[in-house]
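Take a look at the structure below.
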Amino acid sequence: MTQPATSQPKFNHAKARKAGLAAFVGTTIEWYDFYVYATAAALVFGPLFFPEQDYLAGVAAAFATYAVGFLVRPLGGIIFGHIGDKFGRRPSLVITLLVMGLSTFMVGLMPTYESIGTWAPVILVVLRALQGLAVGGEWGGAVLMSVEHAPEKYKTFYGGFPQLGNPAGALLATSIFGLLSAQGDDFLVNGGWRIPFLLSIVLVAVGFYVRYKVEESPVFEQESEEDRQSLPLKFALRTNWKPILIGIGLLPVSTGGYYLVTTFATAYGTGPEIGIDETLILNAMSFASLLELLVTLPIAWMGDKFGRKKIMQIGLFGSIFLIMPQFLLMAGGGAGVLIFMAFGAVRVIMSFTYAPVATILAQLFVPQARYTSISLSYGIAAAFWAGLSPIAATALYGWTGTIWSVLIMFFGMAALAIFCTAIAPQHKDKVEPEAEEGAVQQRA
């Protein structure tokens, strides 16, 4: 039964932890599925689905199918944002998990170009689009379930739980591919690449159970039927257009920059011009993902203590300086230990841009149509920054022949994010904390 609009939800740590854990488990599975595809696109999808291309063109074509998943994210945000704003965060999140998991499992069953010709990349694009639709509605809902359950002075900390899903999913995906690549290229190309996709069905079953058991967001339950917009998209575009644009400008490094130092870096480092061993790169990625997983919640806690926007700015400025050693070491054929250190350092500093951004984006918007608004902002940003960055980087590198062109592109992305972070407003939910929490002034 819907609570009256005058009733204010009472937050507590037990509910916040439960919601945060559910968000973590769900986003881990979603991002595992997404990174499995990204890693396969960088390593094997070129020759398997685009065999008539040369190496660089094949990688670009594989990244183009990869980009499709980002380009449809805004549509996923509209569809699942509507469900989440009208009927609740929980049902939307259960549906996105099932769509993502089943489409990923089906990729593992797909015939390749050798078997069915041009139909293979066509089907691959369709399944990738389904993945993108699901992720377009997943992230915003998971963030809101964590942030809206949280006490005011711990919003950034609990908003860090869904952010754990990214490094955890990446760690699972790259670790599995690292084990498979150690068996040799022939094993990976001749069917080994299917194993990570097929394993996703087990993770989906676990995630479905966890998601189904979590309670609905108290902020959503607080709204009366009159507060819930008949067309959340219309409200979002009419009322929230400015913070949506600011949110898009916040995310070049947190989304696009992230895929430059992971997906593009994998293809760049293992390409014929650089020739670093695939297993070394994948193991370095796994090490970096583990570090990111360990530091995400402490960094989110720092966001509550010192201000989430300050933490974001530290990450943006720091990433400008640390991305250079990562790529220059690869270009110079750096030793394995140095590559591990460079990959790890970049992911740690970029965690400062990723850990607090969930709460920053959530609090850009008033509760009405918040699911749609945050999903639109994140989805459009991901479509543009994350979807196109690997393709743009591949094209720039191919055109100029120097990795500095890619680094300059990254510097421009970081500058925009620094500016938008500075001007981003932060809405404060009207809540009634539990007695032990006290009245707390939220930092912005």
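These numbers come from a predicted model, not from an experiment.
- A donor-acceptor contact closer than 3.5 angstrom is absent between the side chains of E138 and T27.
- Although no hydrogens or angles enter the test, the distance criterion places no donor-acceptor pair under 3.5 Å between the side chain of T239 and the main chain of A236.
- Proximity of a side-chain donor or acceptor of N240 to a complementary backbone N or O of F365 within less than 3.5 Å is not detected.
- Rounding to the nearest 0.5 Å gives a distance of 10.0 Å between CG of L199 and CG of L172.
- Side-chain atoms of T296 do not come within 3.5 Å of backbone N or O of A355 as any donor-acceptor pair.
- Residues satisfying the side chain to side chain donor-acceptor pair (under 3.5 Å) test with Q326, not counting sequence neighbours, are none.
- Ring planes of F161 and F157: perpendicular class, angle over 60° (limits at 30 and 60°).
- Among W139, F80, W385, the one residue that satisfies the ring-ring contact (aromatic ring centres under 6.0 Å, His included) test with Y378 is W139.
- In this structure, the side chain of T96 engages the main chain of L93 through a donor-acceptor pair within 3.5 Å.
- Side-chain atoms of Y371 never come within 3.5 Å of backbone atoms of K86 as a donor-acceptor pair (strictly under, hydrogens ignored).
- Under a 3.5 Å cut-off, the side chain of S319 and the backbone N or O of L316 do form a donor-acceptor pair.
- Taking all atoms of both residues into account, the shortest heavy-atom contact from V94 to F208 is CG1-CE1, 3.3 Å.
- Here the closest heavy-atom approach between residue F352 and residue I314 is recorded as CD2-CG2, 4.0 Å.
- By the 4.5 Å heavy-atom criterion applied to side chains, F321 and I349 are not counted as neighbours.
- Looking at S200, its side chain does come within 3.5 Å of a backbone N or O of F197 through a donor-acceptor pair.
- Between the side chain of R194 and the backbone N or O of M110, at least one donor-acceptor pair lies under 3.5 Å.
- Between the R73 side chain and the G136 main chain, no donor and acceptor come within less than 3.5 Å of each other.
- At a cut-off of 3.5 Å, with distance as the only test, no side-chain donor of T359 or R308 sits close to an acceptor on the other residue.
- The local environment of CZ in F411 is crowded, with over 12 non-hydrogen atoms from other residues, nucleotides or ligands closer than 6.0 Å.
- Residues P367 and R89 approach most closely at O-NH2, 4.4 Å, considering heavy atoms.
- Side-chain atoms of T353 come within 3.5 Å of backbone N or O of M350 as a donor-acceptor pair.
- When all heavy atoms of A424 and L250 are compared, the closest pair comes out as CB-CD1, 4.4 Å.
- Using a 4.5 Å heavy-atom threshold, the side chains of L297 and W301 count as separate.
- Environment of CE in M324: crowded, with over 12 heavy atoms of neighbouring residues, nucleotides or ligands closer than 6.0 Å.
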